[in-house]
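These notes are about the structure you will find just below.
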Protein chains: 2
Amino acid sequence: METSRSITQKIENEGTMCPSFQALDMVMDKWTPKVLFLLQDGPMHYMQLKRQVGGSTQKMVTQTLRKLEKEGLVTRTVYPTSPPTVEYALTPLGEMLQSAFQELLQWARIYTAQFQSMRENDSEANKEEDFHKN
Amino acid sequence: METSRSITQKIENEGTMCPSFQALDMVMDKWTPKVLFLLQDGPMHYMQLKRQVGGSTQKMVTQTLRKLEKEGLVTRTVYPTSPPTVEYALTPLGEMLQSAFQELLQWARIYTAQFQSMRENDSEANKEEDFHKN
DNA sequence: CAGGATCCTGGGCGATACTG
DNA sequence: CAGTATCGCCCAGGATCCTG
């Protein structure tokens, strides 16, 4: 280990040492997972995306898509039709990221299931509710 | 705002999307991945954690740990020694989450490698131009 | 050593209006 | 339809000081 270096402790090793976490931060914003998730089934128009992403605004959807495009994770294809049409699709790199997020999603389902069963165990343990299998 | 328009918003993956992404948002903050990553090799003291997480502050580390504890992803064990000692460790659920993040990390490494090779060898015929300056 | 309490700022994010 | 531009809120997150 290194000794105490400088008082200001400017962290330069973080920037150079862990580029993976940097890349991870790039992609950990609020809407990226949802956009990737929606695009996994194939290309989508902007409107479809905006509608199905749900709970977001036009600004955030566009911003997220632009960022993903710049990062090389989605492609943006403009069709010069009478009403402008833009299609977004995952790149191979984007598909890989989507797969990784899929793991997180899988965990989230398990986690949610755990806590739901925890909350409802004391009132009616054997309630005949619809247990959503996801 | 929920107007009459949003009723038509039928999300086919409704069951999977909403609660899962909520749980995902819970865990998508800045320092959670790094803390989980550090804890994967075994329990750690607060100080070790704070030091090795690098680039964060005491507040954020503590805050992240407290949140993870509340979510049932880490355990907090206090040893009543002469100087107080606190050990943090992953719960099984936390380990699962860590594994999921591992996938993201794996992707991040590939992603980083891609862009490094892109910069070294930018003779990419397929790419149009226009990479900066919009 | 572990972490609580505060103050403060940047920017993530939402809402609205306008364009081609 | 597919954005861009602008304003402003709000809070995640950083810095600093203090305690047991």
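Everything numeric in this text was worked out from a predicted model, so none of it was measured. Order of the sequence lines fixes the chain letters, A, B, ..., with proteins taken first and strands second; residue numbering starts at 1 for each chain. When reading the values below, keep in mind they use all heavy atoms of this one structure, side chains included, and skip hydrogens, waters and symmetry mates.
A straight line from NZ of Lys67(A) to P of dC13(C) spans 9 Å, rounded to a whole angstrom. In this structure, CD of Glu87(A) is placed 17 Å from C1' of dG3(D), rounded to the nearest angstrom. Whole-Å rounding puts the Arg51(B) CZ to dG3(C) C1' distance at 18 Å. dG3(C) atom P lies 13 Å from atom CE of Met44(B), rounded to whole Å. Leu49(B) places its CG atom 10 Å from the P atom of dA2(C), with the value rounded to the nearest Å. For Lys50(A) and dA15(C), the NZ to P distance is 11 Å, given to the nearest whole Å. Residue Gln63(A) contributes atom CD, which lies 18 Å from atom P of dA2(D) at whole-angstrom precision.
Of the candidates dC13(C), dA15(C), dG3(D), the closest approach to any side-chain atom of Tyr46(A) belongs to dG3(D). Relative to the side chain of Pro84(B), the nucleotides dG13(D), dA2(C), dG3(C) differ in distance, and dA2(C) lies closest. Each of dG13(D), dC1(D), dA15(C) was ranked by its minimum atom distance to the side chain of Asp29(B); first place goes to dG13(D). The Gln58(A) side chain lies nearest to dT4(D) when the options are dG4(C), dC1(D), dT4(D). Listed candidates were dG3(C), dG14(C), dA2(D). Nearest to the side chain of Trp31(A) is dG14(C).
Close to dA2(C), at under 4.0 Å from its OP1 or OP2, lies no side-chain N or O of Arg76(B). The phosphate of dA5(D) has neither OP1 nor OP2 within less than 4.0 Å of any side-chain N or O from Lys59(A). For the OP1/OP2 pair of dG3(D) and a distance below 4.0 Å, the side-chain nitrogens and oxygens of Tyr88(A) include at least one atom meeting the criterion.
Looking only at atom types and distance, the side chain of Arg109(A) has a donor-acceptor partner in the side chain of Gln106(A) under 3.5 Å away. A side-chain donor from one of Lys67(B) and Thr32(B) sits under 3.5 Å from a side-chain acceptor of the other.
We find that Lys34(B) and Asp25(A) are joined by a salt bridge, their nearest charged nitrogen and carboxylate oxygen being less than 4.0 Å apart.
With contacts defined as side-chain heavy-atom distances shorter than 4.5 Å, the pair Phe21(B)/Pro33(A) qualifies.
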